[in-house]
Amino acid sequence: MTVDTLWNKIKISPAELSLEKVLRCGQTFRWKNINNTWSFTIEDRIVLLKQDEENLHYSWLMKELLVDSSAAAISRQNNETLNFINDYFNLSINLTSLYKHWMIQNENYKNKKILGSPFTKFKGIRILRQDPWEATISFICSSNNNVKRISKMCENLCTEYGTYLNTYKGVDYFTFPSAKDLSSSPNVETKLRELGFGYRAKYIYQTARLLTSTLSIKELNSLRESSYEDSHSYLLQLTGVGPKVADCICLMALDKHDIVPVDTHVYQIAIRDYKFKGKKDLKTMNKKVYEDIREYFKEIFGEYAGWAQSVLFASDLSDMNNGINVKEEVIVEAKITSTVVDIKEEISTEIIIESDSKRRRVRK
DNA sequence: GCAGTACCTCCATC
DNA sequence: AGATGGAGGTACT
């Protein structure tokens, strides 16, 4: 078992990357935030991140059996972690120049009654390059659902069907389960129903089955090199994947940066903020309206319209925290009033270390 | 094709 | 306190 051996850093400004916003705007559901450290699992390790005004700090903890502290191993692991971060956060893409373009377009197309610009208020929001399989399952879970519950479902998938990696600061970490893990037995569907997945249990099981039989994860991954149209129709073969979910996967895992997934929310933004002509009380989105909105945003924001949309979406979200960040804290045995939030903010990590016995994990 | 409705569960709101 | 409806939809008729 290791301590926080070493933290390395990548120089990056908050305008290029806002960890908090990117990881809580509803594109990924599996990052934990404990005492201001973000953690996530990949195949063979836990990745840890922290951010300040100048740098993104990163560290990692290898799978228990793979811990190797030789200098050569550390150096290799460092490179691998760095490669993951650069790839996962799409860091080769310059966000600041994209924002500049979007701000100009925004002024040309926005409803003049709307004051201010989301692109001024919400900096550093970028689209991640997620694993296609994980994105598929995550977004199948997202139908008729909210961020908090989707996060819980993803966590349940990991603890129930993932592989144990290691324990960091008292928290056990598991990998996201593979398609094989989720198709091993028909009991999977039953178990997922017990875990509260509802009708999505069947979708997940059937999708895992299909991707380990007729279709394959290799094909799914190769859609990164395919056209949007081909990718979209391939994804529609999967149970529980409709047009909206397929577009989410295209944008967030398959490098289709121009695709704007349209839900009722985005529909409302289009009408309210961008003068899109449509009925405000539309009950069910039909195919034509769906595609019209998608194309409309693409016309406004261009090649990276999907990225621009995530900024609009974030600025419209009331609670980006979604109640899922965790803070370890001392439970103060005092009368807790409505100022509880401020009190919590002030109780810092230093105090906590002294009183292990009283530690609890509390939803912020 | 197209529109309407059932589907699981949680949880804020009334 | 208990009911109601919405939550970044999809499958089925």
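Only this structure's heavy atoms are used, side chains among them; waters, hydrogens and symmetry mates stay out.
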Inset, instruction - Just call it for V266(A): base, sugar-phosphate, or nothing, with non-hydrogen atoms closer than 4.0 Å on any strand. - result: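 Result for V266(A) = nothing.
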Inset, instruction - With heavy atoms under 4.0 Å as the rule, sort P243(A) into base, sugar-phosphate or nothing. - result: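 Sugar-phosphate: the residue P243(A), judged by heavy atoms under 4.0 Å, touches backbone atoms but no base.
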Gap between atoms [atom1] and [atom2], on [X] and [N] respectively (whole Å):
X       : N       : atom1 : atom2 : result
I150(A) : dT10(C) : CD1   : P     : 12 Å
Y205(A) : dA11(C) : OH    : P     : 18 Å
H232(A) : dT10(C) : NE2   : P     : 9 Å
Y290(A) : dA3(B)  : OH    : C1'   : 18 Å
N145(A) : dA7(C)  : CG    : C1'   : 7 Å
H265(A) : dA7(C)  : NE2   : P     : 9 Å
E291(A) : dC2(B)  : CD    : P     : 10 Å
K148(A) : dG8(C)  : NZ    : P     : 13 Å

Determine the interatomic distance between [atom1] on [N] and the same-named atom on [M]; round to the nearest Å.
N       : M       : atom1 : result
dT13(C) : dC8(B)  : P     : 14 Å
dT10(C) : dC11(B) : P     : 23 Å
dT13(B) : dG8(C)  : P     : 13 Å
dT9(B)  : dA1(C)  : P     : 25 Å
dG5(C)  : dT5(B)  : P     : 14 Å
dG9(C)  : dG1(B)  : P     : 25 Å

Ring-ring centroid check [X] [Y], cutoff 6.0 Å:
X       : Y       : answer
H57(A)  : W7(A)   : no
F29(A)  : F139(A) : yes
Y274(A) : Y109(A) : no

Legend entry - Which residue lies more 5' along DNA chain C, comparing L236(A) with D263(A) via nearest heavy atoms: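 Of the two residues, D263(A) wins.
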Legend entry - Earlier contact from the 5' end, DNA chain C, for Y203(A) and Q309(A):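 Mapping each residue to its closest nucleotide by heavy atoms, the 5'-most match is Q309(A).
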Inset, instruction - Among F40(A), F176(A), W38(A), Y173(A), find the residue that satisfies the ring-ring contact (aromatic ring centres under 6.0 Å, His included) test when tested with W31(A). - result: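 It is F40(A), the one option of F40(A), F176(A), W38(A), Y173(A) that forms the ring-ring contact (aromatic ring centres under 6.0 Å, His included) with W31(A).
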Inset, instruction - Decide yes or no for E134(A) and R30(A): does some side-chain heavy atom of the first lie under 4.5 Å from some side-chain heavy atom of the second? - result: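 Result yes, sub-4.5 Å side-chain heavy-atom pair found.
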Inset, instruction - For E43(A), look at atom CD and say whether over 12 heavy atoms of other residues, nucleotides or ligands are found less than 6.0 Å away. - result: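 No, not enclosed.
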Legend entry - Flag if over 12 foreign heavy atoms under 6.0 Å of NZ, K112(A):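 More than 12 heavy atoms, drawn from other residues, nucleotides or ligands, come within 6.0 Å of this atom.
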Legend entry - Positions of residues 188-202 of chain A (non-hydrogen atom under 4.0 Å from DNA chain B), listed by number: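 When residues 188-202 of chain A is checked for heavy atoms under 4.0 Å from DNA chain B, the hits, listed by number, are R193(A), G196(A), G198(A), Y199(A), R200(A).
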Inset, instruction - Take E107(A) and K110(A) through the test salt bridge (charged side-chain N to carboxylate O under 4.0 Å, His left out) and record every step on the way to the result. - result: CA-CA 6 Å; E107(A) 290 309 310; K110(A) 78 168 186 180; 3.8 Å; yes
Inset, instruction - Please tell me which of the listed nucleotides, dC7(B), dA3(B), dC11(B), lies nearest to the side chain of N144(A)? - result: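 Taking heavy atoms from C-beta onward, the closest nucleotide is dC7(B).
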Inset, instruction - Between dC8(B), dG8(C), dT10(C), spot the one nearest the side chain of R149(A), thanks. - result: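 Of dC8(B), dG8(C), dT10(C), dC8(B) is nearest to the side chain of R149(A).
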Inset, instruction - For salt bridge (charged side-chain N to carboxylate O under 4.0 Å, His left out), just list the numbers for E20(A) and R24(A), CA-CA rounded to whole Å, side-chain angles, deciding distance to a tenth of an Å, and then say yes or no. - result: CA-CA 6 Å; E20(A) 172 73 31; R24(A) 284 289 182 260; 5.5 Å; no
Inset, instruction - Spell out, yes or no, whether I259(A) and I140(A) are grouped together once hydrophobic residues are joined by side-chain heavy atoms under 4.5 Å, including indirect joins. - result: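 No, because I259(A) and I140(A) fall into different hydrophobic clusters, even though each may have its own neighbours under 4.5 Å.
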Inset, instruction - Please confirm whether any donor atom in the side chain of K244(A) sits under 3.5 Å from an acceptor in the base of dG8(C), or the reverse. - result: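 Checked by distance alone, the answer is yes.
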Legend entry - Contact under 4.0 Å: K287(A) side-chain N or O vs dG1(B) OP1/OP2: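 Checking K287(A) against dG1(B): no side-chain N or O falls below 4.0 Å of OP1 or OP2.
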Legend entry - Pairwise distance OG(S151(A)) to CG(N145(A)) - rounded to 0.5 angstrom: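 Going from OG on S151(A) over to CG on N145(A), the span is 9.5 Å.
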Legend entry - Secondary-structure string, 5' to 3', Watson-Crick or G-U under 3.5 Å, | for another-strand partners, for DNA chain B: ..|||||.||||||
